[in-house]
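Predicted model, so just to flag it, every value in this text is computed and none were measured.
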Protein chains: 2
Amino acid sequence: MSKDTGPYVCGLDAAMDVVGGKWKALILWALHDGGTLRFGQLKRQVPGVSEKMLIQHLRELEADGIVHREVYREVPPRVEYSLTEMGEALNTALGPLGAWAHQYMDQILAAKQRDVA
Amino acid sequence: MSKDTGPYVCGLDAAMDVVGGKWKALILWALHDGGTLRFGQLKRQVPGVSEKMLIQHLRELEADGIVHREVYREVPPRVEYSLTEMGEALNTALGPLGAWAHQYMDQILAAKQRDVA
DNA sequence: CCGTATCCCATTTGATACTG
DNA sequence: CAGTATCAAATGGGATACGG
């Protein structure tokens with residue numbers, strides 16, 4: 001991930017580097033507000049993601065200090081994912097962006113529609 | 001760009017789809033607050049970008065209704081880029097994300113540093 | 001000055017099968 | 001349940017050269 005750790009020009013590209021995987025926004029969204037989810041639950045909350053991509057993104061988010069991974073050594077195995085404080089703050093910071101997209105959703109969809117045609 | 005226009009699960013992934021190119025955040029940042037820049041100026045404001053990527057991202061942002069492109073038919077040719085209302089709103093919505101990254105920059109850099117090692 | 005056109009490589013993502 | 005491993009496909013991005 002994360003290309004060459006080149007010095008970030010502004011905070012924004014650092015943030016994009018952290019949150020810029022195909023499913024990461026969805027993962028953060030699924031874990032919002034103190035939610036704690038198991039691997040399987042998370043998979044169901046992020047429709048279409050493969051196990052490979054889910055675990056890969058989770059590992060990256062964990063390495064970046066965004067998600068916390070708690071392993072319970074039981075049978076059957078149980079692993080729970082939640083947001084760290086830094087992750088919660090990120091989610092909060094993402095709020096206005098989600099609101100923006102919601103507000104302009106019609107235009108976004110129209111634009112995407114046009115470029116398939 | 002923009003994969004298959006699959007229905008967005010939440011606003012966030014629509015937003016990420018719009019702003020998710022390698023240099024797009026930087027381009028938006030360069031055009032913030034009513035700024036109007038020519039192609040060459042923009043290129044200087046986004047260090048390291050190639051002309052190919054700059055024009056490609058600009059075209060995508062234009063198609064998405066984020067930037068406005070104004071062509072002046074003169075010699076030498078002049079083209080000016082600015083943000084649309086939707087683009088200004090996006091930039092505003094990106095503010096908290098930039099602030100988040102700024103706040104946690106040390107940890108972000110430390111994480112990126114670790115995974116090159 | 002403001003782009004376009006190719007070619008090519010790297011990274012990302014997806015499909016499928018398998019395991020403790 | 002919660003992952004790994006392997007391979008193939010798609011996408012994104014950079015280098016270079018050229019054009020109006």
Original post:
Taking protein heavy atoms under 4.0 Å as touching, what does nucleotides 3-8 of chain D look like 5' to 3' if B marks base contact, S marks sugar-phosphate-only contact and - marks none?
Top reply: BS-B--
Original post:
Pairs counted as Watson-Crick or G-U wobble with both distances under 3.5 Å: what dot-bracket string results for DNA chain C, using | for bases tied to another strand?
Top reply: ||||||||||||||||||||
Subject >> Qualifying ring-ring contact (aromatic ring centres under 6.0 Å, His included) pairs with a residue from residues 82-110 of chain A, counting only residues at least two apart or across chains >> reply: W100(A)-Y104(A)
Original post:
Taking only residues at least two apart or on different chains, which pairs with a member in residues 66-77 of chain B satisfy salt bridge (charged side-chain N to carboxylate O under 4.0 Å, His left out)?
Top reply: E74(B)-R78(B)
Original post:
Pairs in or reaching into residues 34-45 of chain A: which pass salt bridge (charged side-chain N to carboxylate O under 4.0 Å, His left out), with residues at least two apart or in two chains?
Top reply: K43(A)-E51(A)
Subject >> Closest-nucleotide ordering on DNA chain C, the 5'-leading residue of Q56(A) and P76(B) >> reply: P76(B)
Subject >> side chain to side chain donor-acceptor pair (under 3.5 Å) partners for E85(A), two or more places apart >> reply: none
Original post:
With sequence neighbours left out, what residues match Q107(A) under side chain to side chain donor-acceptor pair (under 3.5 Å)?
Top reply: none
Original post:
H57(A) side chain N/O closer than 4.0 Å to the phosphate oxygens (OP1, OP2) of dT13(C)?
Top reply: yes
Original post:
Are OP1 or OP2 of dA2(D) and a side-chain N or O of R38(A) less than 4.0 angstrom apart?
Top reply: yes
Original post:
What residues form a ring pair (Phe, Tyr, Trp, His ring centres under 6.0 Å) with Y81(B), not counting sequence neighbours?
Top reply: none
**OP:** Evaluate the side-chain proximity of E80(B) to L37(B): yes if any heavy-atom separation is below 4.5 Å, no if none is.
**Re:** no
Subject >> Sequence-distant partners of E88(A), side chain to side chain contact (heavy atoms under 4.5 Å, CB included), two or more places apart >> reply: L83(A)
